[in-house]
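Working notes for the structure below.
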Amino acid sequence: MSLSCSSLLTPVDEDREFRLDDYEGARARWCPGCGDHSVLTAAQRLLVDEQLKPEETVFVSGIGCSSRFPHYMKTYGFHGLHGRALPVATGVKLNRPDLHVFVVMGDGDCVSIGAGHWVHATRYNVDMVAMMLDNNIYGLTKMQTSPTTPQGYKSNTQPQGSWLPALNPLEATLGITNASFVAQTAEWIPAHLFATLQAAYRHRGFAFVRVLQRCPVFTEDIYLDAVRNPEMIDMLTHPDGVELPESLRQIYTSEVRHDPKNLAAAREIAADTSRLRLGVLYRDESNPRYEETRHLPLHTAEDKIRILNEELDQYAV
Amino acid sequence: MRVLVGDDTAVQTRAEQSRIRTTRQPQCTVEVVSDSGEGAQKCGQTFGAVSAKMGNGVWTVEIIPAEIQPPPRSPAGASGNRIRIGEGVVTNWGDRTNVAIAFNEQVLLARHRLDAIEEDAILLVENMWATHKDEDIRAEWAAAMDELGQANYRIIEVPMEEECLTIVENARKGKNMFALGILCWIFDRDMEITREQIAHAFRKKDPEITERNHELLELGYSWADSHLDVRIDVTPGLSPENTLVMNGNQAIAYGAVAAGMDLAAMYPITPATSVSHQLGEMFYKFGGVVHQAEDEIAAVGVALGASYSGKVAFTITSGPGLALKTEFLGLSVMSEIPLVLVNVQRGGPSTGLPTKVEQSDLLAALFGQPGDAPHVVMAPATIEECFHSMITARRIAETFRTLVMVLTDANLATGVQPFPRPTLDPAWQGSLPDMSPVPEGKAPYDWDEETGLSRRFIPGTPGGMHTLTGLAHDENSKVAYASAINQKSSAMRSRKMAVLQSTLRPPVVHGPESGDLLIVGWGSTKGAIEEAVDRAREEGLSASSLHLRFLSPLEPGLKGIFGRFKKVMTVEINYSDDPDMPYITDENRRRGQLAWLLRAQTLVDVDCWTRVLGEPLQPGAIHDVIRANVSKGGAA
Ligand SMILES: Cc1ncc(C[n+]2csc(CCOP(=O)(O)OP(=O)(O)O)c2C)c(N)n1
Ligand code: SF4
Ligand SMILES: [Mg+2]
């Protein structure tokens with residue numbers, strides 16, 4: 001494509017085609033080998049693929065390593081409070097249903113300090129993609145136990161090993177009324193990560209994606225076996241969820257057909273932690289979406305004054 | 001003195017009516033009390049509304065039971081309304097009640113024990129309990145009447161039950177309208193207006209109910225006409241034209257709409273909740289949303305997210321909710337996202353006094369956010385100001401890219417008062433945020449060095465992409481690792497407060513601008529303070545008052561004003577040590593919250609008098625304070 005001078009000078013061009021560098025913000029400062037890099041790349045590729053306008057896209061995050069994410073995008077970003085990304089994203093979408101909203105949280109962010117919001121955002125089913133980057137640990141604050149830390153795993157706050165069995169975010173999310181999209185993917189399988197994020201983006205409703213994420217600094221060993229031994233992973237596939245990308249067929253040979261409409265089966269799969277399952281566990285677009293149930297036509301200032309005057313008549317003496 | 005008027009007394013004839021004495025009073029305070037659920041509130045509210053429509057000044061407050069589920073006929077269950085009416089404007093709930101009508105003697109006793117009743121008051125009380133079949137109740141009645149009889153009240157027994165049973169099967173459902181009829185007779189209320197008001201109050205119910213209530217009203221009126229001998233004339237002296245009557249929470253809700261805000265996020269909490277009830281109905285017509293969030297943190301988060309992406313949104317809460325919202329409030333200041341927060345203050349700390357008034361959140365509102373978080377704190381003083389403060393708050397929030405807190409309280413929230421109907425202006429609603437493309441090189445915090453102001457880039461604005469952060473940041477919203485950046489951005493956020501202050505007018509002194517004593521107040525106490533000052537001045541005492549609407553930034557010129565008085569003291573509804581309490585010294589004395597602030601900001605030795613009785617201050621009590629402090633010769 002050749003560009004004329006005048007088109008270079010026009011900042012807004014409805015026909016402009018977005019490339020990867022249109023979405024690239026500050027240079028990512030995660031540790032080398034951190035799984036967050038791969039999620040960033042997948043998100044940027046998704047935006048290219050969907051040709052989302054950077055100015056109409058908002059990445060909302062909490063606080064944590066993973067929550068640095070928006071700074072590395074060249075969209076609007078909201079790097080808010082630890083655990084509170086979901087209420088902010090809900091406010092953005094309630095006010096501006098026209099925007100594309102993505103949420104990036106850590107495991108501590110989402111299922112510990114922000115647990116109440118995670119439950120209710122799932123139930124509100126506001127149209128957005130909510131990624132939980134699960135490294136099974138508190139990264140930014142340097143290795144404290146998180147709700148998803150495996151039982152027995154040592155950390156700075158539980159040096160004898162985590163006392164309790166890990167919380168199962170998939171099982172929990174699938175237990176919330178009005179959940180409409182629940183998926184799991186892994187950052188070390190970029191093609192699957194991309195396909196899953198794309199399915200999440202295209203889903204109309206609250207799309208919860210747990211991204212298994214390596215933290216080579218604090219939980220280096222946790223996903224090591226699964227990375228090295230693809231046969232440990234079952235790929236859940238379905239035309240209504242994600243299909244196994246061609247490039248992965250040779251490597252991931254254990255493919256399980258699973259219809260994401262089947263909630264009971266999804267719950268069973270989620271509860272069985274004997275194997276790692278990646279794919280869309282559940283998806284139902286017929287659930288009510290809060291922002292649509294609450295959307296009301298806005299009135300002009302003059303209209304409002306007319307209605308307000310009618311209202312005030314009730315209080316007139 | 002105890003006068004019994006019942007069936008055993010001779011029924012008065014028309015001719016005897018010449019014995020009826022009418023006393024003219026510039027103002028009069030009336031209470032209607034019952035067990036909760038007996039409709040005393042409806043009676044009181046209707047009486048207040050009718051009086052306002054006739055052109056009386058009115059102030060109505062709710063009498064809220066001390067317990068949630070009190071047993072019937074218990075002092076803790078006293079529920080109802082106090083209505084103070086006047087020939088002219090009424091600005092507060094007054095001192096003690098002059099006329100009370102009670103559906104049982106126990107609730108009356110409760111009011112007596114709270115010292116809520118004037119010495120020579122007229123008390124009308126349902127007398128069915130005197131002859132009740134339950135011996136215990138008869139004994140309670142006798143004991144209570146004995147105790148009340150010790151005082152100098154004029155007690156009139158009224159056979160409410162018996163009379164109401166001639167019209168309705170369940171007298172419990174009718175006494176309130178019967179009582180209203182009695183009040184209408186005593187105060188010579190316009191019956192046509194009263195009937196209309198009843199019809200309006202029951203408009204959503206079966207028309208038969210309105211009819212029945214009209215009959216009960218007439219019955220009460222004619223019963224009074226043939227049995228009572230005192231009428232009170234509070235001549236309406238105001239023009240009721242172009243006047244609205246509502247409570248402070250309703251005024252906040254309508255003010256928010258008039259201010260162009262269309263998203264309110266909240267979590268239910270007394271006494272703030274009724275704003276959202278009001279908005280829930282209204283917003284539906286205006287195209288707005290009340291989001292009832294999962295908790296207060298989420299509520300403020302949703303409001304902030306909405307504000308960030310466009311028009312200013314607001315959240316509304318009370319003490320415990322304010323505590324939870326703290327972290328987001330700091331984020332609003334740090335990231336310069338405009339936000340309006342309404343805090344309807346109740347008694348604290350902790351769960352405190354959920355339904356009762358207090359002004360104890362001032363310092364928490366000002367300084368509750370860890371770190372340096374300069375923001376605006378306003379406090380409307382009247383119900384009318386509740387309405388207008390929302391418009392001001394939205395405008396300041398937007399212009400200054402900041403958090404604006406509006407502090408009201410339970411007294412304003414539930415108090416009902418007439419005020420001039422505002423002429424609505426579309427400009428109050430503000431305009432949609434500027435979403436024109438951002439010129440190359442413009443930063444999201446392009447602070448004007450002089451004022452700290454900058455243009456806000458909202459999502460959807462081409463070229464404005466940036467990541468907003470609660471971390472210390474530079475002009476470009478880049479996380480600031482250099483210490484000088486934090487110093488500068490802190491200065492820019494702080495500067496805005498000084499700029500705002502430079503646009504405020506100095507406050508106006510009520511009374512002469514110099515003298516012995518200056519009382520300083522804020523919020524709902526204005527009416528009571530000014531009434532007390534006026535009474536003191538009539539006695540020849542040299543006292544004035546000053547009422548602040550802005551607590552952050554403070555209104556300009558305070559130090560100069562304070563310097564013209566021998567003594568300055570605040571009057572507030574929050575806790576302070578009285579100077580003569582054990583162990584209290586000038587050094588360790590904990591002072592009223594406004595006093596604390598004014599001392600720090602002006603270096604004037606501001607004294608205080610504060611009470612936390614869970615009720616509005618009485619002008620009489622403030623009057624006593626003025627007397628005590630002026631006669632001390634203004635020993636400042
Ligand atoms: C209210 C509050 N409490 C605690 C913290 C400290 N804190 C920052 S990030 C974090 C945990 C991060 O863990 P996670 O959410 O899993 O994100 P990760 O760093 O692993 O990506 C904590 C406890 C904070 N910033 N705010
Ligand atoms: S500490 Fe772990 S999670 Fe954080 S950036 Fe480094 S590798 Fe990533
Ligand atoms: Mg983590």
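Keep in mind it's a predicted model, so treat the numbers as computed, not measured. Within every chain, numbering begins at 1; the chains are lettered A, B, ... in the order of the sequence lines, protein sequences first and strands thereafter.
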Could you tell me which portion of [X] (side chain, backbone, both or neither) has an atom closer than 4.5 angstrom to a non-hydrogen atom of chain A?
X: Gln250(B); result: side chain
X: Ala313(B); result: neither
X: Asn242(B); result: neither
X: Glu196(B); result: neither
X: Leu263(B); result: side chain
X: Leu471(B); result: side chain
X: Ala303(B); result: neither
X: Leu424(B); result: both
X: Phe283(B); result: backbone
X: Glu294(B); result: both

Where do [X] and [Y] come nearest, in terms of heavy atoms and distance?
X: Val58(A); Y: Pro459(B); answer: CG2-CB, 3.8 Å
X: Tyr308(B); Y: Tyr76(A); answer: OH-CB, 3.6 Å
X: Gln314(A); Y: His200(B); answer: O-NE2, 4.2 Å

Test your reading of the model: is there a side-chain donor-acceptor pair from [X] to the backbone of [Y], 3.5 Å cut-off?
X: Gln429(B); Y: Ala301(A); answer: yes
X: Arg294(A); Y: Val290(B); answer: yes
X: Tyr254(B); Y: Leu308(A); answer: no
X: Arg421(B); Y: Tyr315(A); answer: no
X: Thr467(B); Y: Pro70(A); answer: yes

Check: So which residues of residues 94-116 of chain A are in contact with chain B at a heavy-atom cut-off of under 4.5 Å?
Finding: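 Result: Leu94(A), Asn95(A), Arg96(A), Leu99(A), Gly116(A).
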
What residue, out of [options], has the most heavy-atom pairs lying under 4.5 Å from chain A?
options: Glu241(B), Met246(B), Lys478(B), His466(B); value: His466(B)
options: Gly463(B), Gly470(B), Pro422(B), Ala52(B); value: Ala52(B)
options: Ser477(B), Ser335(B), Gly464(B); value: Gly464(B)
options: Gly260(B), Ala298(B), Ala306(B); value: Ala306(B)

Checklist line | Gap separating the CZ atom of Phe286(B) from the CD1 atom of Ile305(A), nearest 0.5 angstrom | finding: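 So the CZ of Phe286(B) and the CD1 of Ile305(A) are separated by 9.5 Å.
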
Check: Just how far is it from atom NE2 of His120(A) to atom CG of Asp295(B), taken to the nearest 0.5 Å?
Finding: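 Rounded to the nearest 0.5 Å, the NE2-CG separation comes out at 7.5 Å.
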
Notebook entry, point to check: Are more than 12 heavy atoms from other residues, nucleotides or ligands located less than 6.0 Å from atom CD of Glu440(B)?
Noted result: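 Not buried by this count: 12 neighbours or fewer within 6.0 Å.
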
Check: So with a 6.0 Å cut-off around OH of Tyr445(B), is the heavy-atom count from everything else above 12?
Finding: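 Yes, enclosed.
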
[Y] and [X], any side-chain heavy atoms less than 4.5 Å apart:
X: Asp262(B); Y: Lys304(A); answer: yes
X: His71(A); Y: Thr469(B); answer: yes
X: Met282(B); Y: Ile307(A); answer: no

Item checked: Trace of the side-chain contact (heavy atoms from CB on, under 4.5 Å) decision for Glu311(A) with Val257(B) -> CA-CA 11 Å; Glu311(A) 283 277 314; Val257(B) 175; over 6 Å; no

Checklist line | Ring centroid separation Tyr124(A) to His291(B) under 6.0 Å | finding: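 Centroid distance Tyr124(A)-His291(B): below 6.0 Å, so yes.
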
Notebook entry, point to check: Quick one: what part of Asp303(A) sits under 4.5 Å from any heavy atom of chain B, side chain, backbone, both or neither?
Noted result: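 Nothing of Asp303(A), per the 4.5 Å heavy-atom cut-off to chain B.
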
Notebook entry, point to check: Does any heavy atom of chain B fall under 4.5 Å from the side chain of Arg29(A), the backbone, both, or neither of them?
Noted result: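 For Arg29(A), neither part sits under 4.5 Å from chain B.
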
